[in-house]
Amino acid sequence: MIDESAVIHPTAIVSQDAVIGPRVQIGPWTWVGPEVEIGADTRISSHCVLRGPTKIGERNRIFQFATLGEDCQDKKYNGERTFLEVGDDNVIREHCTLHRGTADGGSVTKVGSRNLFMVNVHVAHDCQIGDDCIFANNATLAGHVHIGNWVIFGGLAAIHQFGRVGDHAFIAGMAALNQDVPPFVMAAGHYAKPFGINKEGLKRRGFTPEGITAIRRAYMIVYKEGHTIPEAVEKLEELIKTEPAIKLLSDFLKDSTRGICR
């Protein structure tokens with residue numbers, strides 16, 4: 001199950017039950033266990049641990065001392081068969097830990113594509129992470145956390161279990177999130193509070209000036225006009241007609257169970 005074009009260092013230990021794709025590189029003293037699948041052109045540095053069942057996509061870069069697919073740190077976990085899935089083109093830096101799921105949490109920890117995990121980031125059991133996110137050094141995701149697309153986490157930021165962060169949100173360094181952060185919102189502090197919209201990020205991702213103005217108006221409705229969440233959602237329906245992206249915010253608010261940061 002090892003492609004003939006893969007390059008595996010002689011000191012690496014790779015299970016016969018692992019699947020190693022074309023042109024994969026595995027560095028010295030790395031351990032790859034049974035039921036680990038590694039996609040084409042992925043590069044794994046030295047002293048990494050990959051435990052299955054884990055599926056890693058193509059063109060990922062995994063740096064030294066990272067651990068993927070280990071048993072989770074949940075006391076309820078009792079050896080059930082659970083999974084880690086990682087997409088394509090991710091960069092996972094030194095000492096990162098991405099754990100498998102739990103049976104009562106959906107069984108799968110899932111990471112999308114094109115994400116950057118800087119040194120010492122922790123992704124706990126049953127987390128669901130989208131695409132194009134950045135997690136700076138020591139960012140910490142508790143169990144069952146859902147992160148959207150294009151989210152940025154500053155260094156040492158942490159989020160409570162079952163928390164959610166919407167698309168295009170920006171979480172400042174050392175922020176502590178005990179409630180959900182809606183799409184487009186910048187949040188900072190302990191506990192985190194909203195500080196406007198992620199205007200610079202939206203510009204970089206091609207949002208028009210008119211779209212950003214509409215998103216700013218939506219932020220005012222949610223945070224500055226004293227509405228309840230149902231009242232705010234009702235008002236957002238009008239804005240969706242002119243800026244469809246605001247549906248992300250409206251849908252997020254409808255699904256919130258922990259409440260949003262205020």
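Judged purely by atom type and a 3.5 angstrom limit, Thr109 uses its side chain to pair as donor or acceptor with the backbone of Asp126. One N or O on the side chain of Asn137 and one on the backbone of Val119 form a donor-acceptor pair closer than 3.5 Å. Side chain of Thr67 to main chain of Leu98: no donor-acceptor pair is present (N/O by atom type, distance under 3.5 Å, no hydrogens or angles). A side-chain donor-acceptor contact under 3.5 Å links Arg100 to the backbone of Gly69. The main-chain N or O of Pro22 is never found under 3.5 Å from a side-chain atom of Ser5 such that the two would form a donor-acceptor pair. No side-chain donor-acceptor contact under 3.5 Å links Thr42 to the backbone of Ile38. Remark: side-chain polar atoms of Thr30 are paired, donor with acceptor, to backbone N or O of His47 under 3.5 angstrom. The backbone N or O of Gly112 sits less than 3.5 Å from a side-chain atom of Asn90, completing a donor-acceptor pair. A donor-acceptor pair under 3.5 Å links the side-chain atoms of Asn198 to the main chain of His168, judged by distance alone.
Salt bridge present: Glu70 and Arg51 bring a charged side-chain N and a carboxylate O closer than 4.0 Å. Electrostatic pairing of Asp89 and Arg114 does not count as a salt bridge here, judged by no charged N lying under 4.0 Å from a carboxylate O. Arg217 and Glu238 are not joined by a salt bridge, as no carboxylate oxygen comes within less than 4.0 angstrom of a charged side-chain nitrogen.
Side-chain atoms of Leu253 and Ile260, non-hydrogen and from C-beta on, do get closer than 4.5 Å to each other. Two residues are said to be in side-chain contact when any heavy atoms from C-beta on lie closer than 4.5 Å; Cys261 and Lys193 fail this criterion. Counting only heavy atoms from C-beta outward, the side chains of Glu243 and Leu249 never approach each other to under 4.5 Å. Taking 4.5 Å as the limit, every side-chain heavy atom of Ile2 sits out of range of all side-chain heavy atoms of Val24. By the 4.5 Å heavy-atom criterion applied to side chains, Arg164 and Ile159 are not counted as neighbours. Two residues are said to be in side-chain contact when any heavy atoms from C-beta on lie closer than 4.5 Å; Val121 and Leu141 fail this criterion. Put simply, the side chain of Thr82 reaches to within 4.5 Å of the side chain of Tyr77, judged on heavy atoms. Contact annotation: the side chain of His160 never approaches that of Gln179 to less than 4.5 Å [non-hydrogen atoms, C-beta and beyond].
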Applying side chain to side chain contact (heavy atoms under 4.5 Å, CB included) to Ile215 and Leu202, what does each step give before you reach the verdict?
CA-CA 10 Å; Ile215 290 168; Leu202 296 176; 3.9 Å; yes

Would Arg216 and Lys199 satisfy side chain to side chain contact (heavy atoms under 4.5 Å, CB included), going step by step from the backbone distance to the final call?
CA-CA 9 Å; Arg216 184 184 293 112; Lys199 179 180 177 182; 3.6 Å; yes

Pair Ile171, Leu177 - check side chain to side chain contact (heavy atoms under 4.5 Å, CB included), show working.
CA-CA 9 Å; Ile171 310 303; Leu177 309 183; 4.0 Å; yes

Give the intermediate values and the outcome of side-chain hydrogen bond (donor to acceptor under 3.5 Å, both in side chains) for residues Thr140 and His122.
CA-CA 5 Å; Thr140 301; His122 177 61; over 6 Å; no

Full working for side chain to side chain contact (heavy atoms under 4.5 Å, CB included) between Met118 and Ile134:
CA-CA 8 Å; Met118 297 186 193; Ile134 298 174; 3.8 Å; yes

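In this structure Glu234 satisfies the side chain to side chain donor-acceptor pair (under 3.5 Å) test with no other residue, sequence neighbours excluded. Ser107 pairs by the side chain to side chain donor-acceptor pair (under 3.5 Å) definition with nothing, not counting sequence neighbours. The side chain to side chain donor-acceptor pair (under 3.5 Å) test applied to Lys76 returns Asp74, not counting sequence neighbours. In terms of the side chain to side chain donor-acceptor pair (under 3.5 Å) criterion, His190 has no residue partners (sequence neighbours excluded). For the ring-ring contact (aromatic ring centres under 6.0 Å, His included) test, residues two or more places apart in sequence or in another chain that qualify with His144 are His125, Phe162. Remark: Tyr223 engages Tyr219 in a ring-ring contact (aromatic ring centres under 6.0 Å, His included) (not counting sequence neighbours). Thr208 is linked by a side chain to side chain contact (heavy atoms under 4.5 Å, CB included) to Glu210, counting only residues two or more places apart in sequence or in another chain.
Tracing side-chain contacts under 4.5 Å through hydrophobic residues (I, L, V, M, F, W, Y), one never reaches Leu156 starting from Val165; they form parts of separate clusters. Two different hydrophobic clusters hold Phe117 and Phe170 under the rule that ILVMFWY side chains link at heavy-atom gaps under 4.5 Å.
The only member of Arg23, Arg61, Arg59 that meets side-chain hydrogen bond (donor to acceptor under 3.5 Å, both in side chains) when paired with Asp41 is Arg23. Partner of Ile92 under the side-chain contact (heavy atoms from CB on, under 4.5 Å) criterion, out of Thr97, Asn60, Ile62, Ile56: Ile62 alone.
The minimum heavy-atom distance between Gly130 and Asn115, with the atom names listed, is O-ND2, 3.0 Å. Closest of all the heavy-atom pairs between Gly154 and Ala136 is C-CB, 3.7 Å. Of all heavy-atom pairs between Cys127 and Ala142, the closest is SG-O, 3.1 Å.
For the atom pair Arg205 CZ and Asp132 CG, the distance stands at 8.5 Å (nearest 0.5 Å). Residue Asp180 holds its CG atom at 4.0 Å from OG of Ser256, rounded to the nearest 0.5 Å. Separation of atoms CE (Met1) and CG (Asp3) is listed at 11.0 Å; rounding is to 0.5 Å. Distance check, rounded to the nearest 0.5 Å: CZ of Arg93 to CZ of Phe63 gives 4.0 Å. Ile129 contributes atom CD1, which lies 13.0 Å from atom CD of Glu85 (distance to the nearest 0.5 angstrom). Considering CD1 of Ile221 and CG of Leu239, their distance stands at 4.5 Å, rounded to 0.5 Å.
The 12-atom threshold is not exceeded at CD of Gln16, counting heavy atoms of other residues, nucleotides or ligands nearer than 6.0 Å.
Aromatic ring orientation, Phe184 versus Phe207: perpendicular (interplanar angle above 60°, classes split at 30° and 60°).
Annotation for Trp31: hydrophobic cluster partners, listed by chain and number, are Ile13, Val49 (ILVMFWY side-chain heavy atoms under 4.5 Å, direct or chained). In this structure, Val108 belongs to a hydrophobic cluster whose other members, linked by side-chain heavy atoms under 4.5 Å apart, are Phe83.
Applying the ring-ring contact (aromatic ring centres under 6.0 Å, His included) definition to pairs two or more places apart or across chains, none involves residues 243-262. Applying the salt bridge (Lys or Arg N to Asp or Glu O under 4.0 Å) rule to pairs touching residues 246-255 yields Glu237-Lys254, Lys247-Asp251, sequence neighbours excluded.
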For residues 146-153, dump all side-chain donor-acceptor pairs below 3.5 Å to protein atoms at least two apart in sequence or in another chain.
| residue | atom | partner | partner atom | Å |
| --- | --- | --- | --- | --- |
| Asn149 | OD1 | Asp131 | N | 2.8 |

